[in-house]
Structures are given as structure tokens and as C-alpha cells.
Amino acid sequence: MEKAYFAGGCFWCISPIFRQMEGVRSVVSGYSGGDEIDPTYEDVKNQRTGHRETICIEFDPEKVPFRDLLQMFLYNVDPFDEGGQFIDRGFSLAVYHLNDEQKAVTEEMLENLAQEAGRTPFIAVESFKNFFIAEEYHQNYDLKNPDAFHRELVESGRIKE
């Protein structure tokens, strides 16, 4: 098993997409990128720690390669929004690579995306340094709170009704 770490704005909004993929063992919501130990949701949401809302995906690379996970990530965010993601404003998008292969795949795919679109994606590519698991109520939020989750998707502009 391997891991991938993606920050896509709201971790509630991107977690379900990956849980449905064959080869994905788990998806955990948490915080990455900052220096503070064990940050809280309120501090991260208010951008006081340098962390981003991040998901940790544990996956079997024989069934789903990192490239496929990254493609799914890029499809489910707006890589060209410099100011955040949907209603979540501020720095939000990142790929935290664990090794040279993940870094190379990420840089290649972002370069291809830039060439195809004719503009630069605003996704940080950073070495992984930490991951702090978010509070329990954030884990599998969509399953625990389906109505509130649906409202979040609509209100954020991620889906249209």
C-alpha cells in the first residue's frame, strides 16, 4: 500500500470521490503543510497555521496508480483559481509528494494541463512534511451528514441543482 496527500479546498467535498475508486483502502481527512503541531479545524480554516485541509489516501498501486488518483483530483478542483476553491478562499490546493516519482508525475501532469489550457494552474507541489488527522466529525462527513453535505456542495458551487 502507498499513500497520496491532496489538498483540495474542502476535504469534505473531495473525500467521497476517492473512497469509490477501486484500489483505495482508506481516505482520511486532516491537515498538512504547516508547522504547528496538532492544529484545529478552526485554526486551519482561518489560515492561522499554514496548514491546508488535506486528504490522505491509502491505495494499492497495482489497482490504482498515483497518476489516476492525481487525475481524479485535478478533475474535481478548479486548478486555475488562484484565490482558493469555490467558497473556500485563501491558499488551498496542493499535492504533497512522498517521493521523486510522485513529484515527477505531478509536475508532468501540471505542465500538460498548463499547455492544454494555455494558463498556469495554481497548485502547490510540496514535499510531504506532516499530516494531522482532523477531528472525528470530519471523517466520512458525507456519510454521517448527507443532507448537510449536499447543501455544502450546492452552496459552494461545486454542484448545481
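The model shown is predicted, which means the values in this text are computed figures rather than measured ones.
- Looking at D60, its side chain never comes within 3.5 Å of a backbone N or O of R25 through a donor-acceptor pair.
- Remark: the backbone N or O of M72 is paired with a side-chain donor or acceptor of N76 at under 3.5 angstrom.
- Looking at heavy atoms from C-beta onward, R52 lies in side-chain contact with Y96 at the 4.5 angstrom threshold.
- Counting heavy atoms from C-beta outward, V24 and E58 have side chains that stay 4.5 Å or more apart.
- Hydrophobic clustering (ILVMFWY, side-chain heavy atoms < 4.5 Å, transitive): I17 and Y141 are in one cluster.
- Atom OG of S92 sits about 7.0 Å away from atom CG of D81, to the nearest 0.5 Å.
- Taking CG of D100 as the start and CD of E107 as the end, the distance is 9.5 Å to the nearest 0.5 Å.
- Here the side chains of R48 and E42 are in contact, with some heavy-atom distance below 4.5 Å.
- A donor-acceptor contact shorter than 3.5 Å is absent between the side chain of D43 and the backbone of P39.
- One hydrophobic cluster, built from ILVMFWY side chains closer than 4.5 Å, cannot hold both F122 and I14; they sit in different ones.
- Listed for the S32 side chain is a donor-acceptor partner under 3.5 Å among the backbone atoms of N130.
- Residue E2 comes nearest to P61 through the heavy atom pair OE2-CG, 3.4 Å, listed as atom of the first residue, atom of the second, then distance.
- Using a 4.5 Å cut-off on side-chain heavy atoms (C-beta onward), V27 and C56 make no contact.
- In this structure, Y41 and W12 have parallel ring planes: the angle between them is below the 30° cut-off, well short of the 60° mark.
- Without hydrogens or angle criteria, E53 side chain to F11 main chain gives a donor-acceptor distance under 3.5 Å.
- Clustering ILVMFWY residues whenever any of their side-chain heavy atoms sit less than 4.5 angstrom apart, transitively, puts L98 in a cluster other than the one holding F18.
- Salt-bridge check for E136 with K144: passed, with a basic side-chain N closer than 4.0 Å to an acidic carboxylate O.
- In this structure, Y31 and H138 have side chains that are in contact, with non-hydrogen atoms separated by less than 4.5 Å.
- Classified by interplanar angle (parallel below 30°, tilted 30° to 60°, perpendicular above 60°), the ring pair F59/F66 is tilted.
- When atom types are taken as modelled, the side chain of N99 and the backbone of Q102 share a donor-acceptor pair closer than 3.5 angstrom.
- For the pair F6/T54, no side-chain contact is recorded, criterion being any heavy-atom separation below 4.5 Å from C-beta on.
- No more than 12 heavy atoms of other residues, nucleotides or ligands lie within 6.0 Å of CD in E101, so this atom counts as exposed by the packing criterion.
- Using a 4.5 Å heavy-atom cutoff, the side chains of V28 and I55 are not in contact.
- Taken from CG in D142 to SG in C13, the straight-line distance is 9.5 Å, to the nearest 0.5 Å.
- For the atom pair F73 CZ and T106 OG1, the distance stands at 9.5 Å (nearest 0.5 Å).
- Note that CD1 of I123 and CG of L113 are 7.0 Å apart. Values are rounded to the nearest 0.5 Å.
- Between F128 and Y5, the distance separating the two ring centers is shorter than 6.0 angstrom.
- Heavy-atom minimum distance, C10 versus E152: SG-OE2, 4.2 Å.
- L93 and D78 get closest at one heavy-atom pair: CD1-O, 3.6 Å.
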Stepwise side-chain contact (heavy atoms from CB on, under 4.5 Å) check, E22 with V64: CA-CA 7 Å; E22 183 175 344; V64 59; over 6 Å; no

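- For the pair K103 (side chain) and H97 (backbone), a donor-acceptor distance under 3.5 Å is absent.
- Criterion: ILVMFWY side-chain heavy atoms under 4.5 Å apart, direct or through other members. Under it, L143 and M21 are not part of a common hydrophobic cluster.
- Between R67 and E108 there is a salt bridge, since at least one side-chain N of the basic residue sits less than 4.0 Å from a carboxylate O of the acidic one.
- With rounding to the nearest 0.5 angstrom, the OG atom of S26 is 7.0 Å from the CE atom of M1.
- Within the 4.5 Å cutoff, the side chain of M109 has heavy atoms near those of the L74 side chain.
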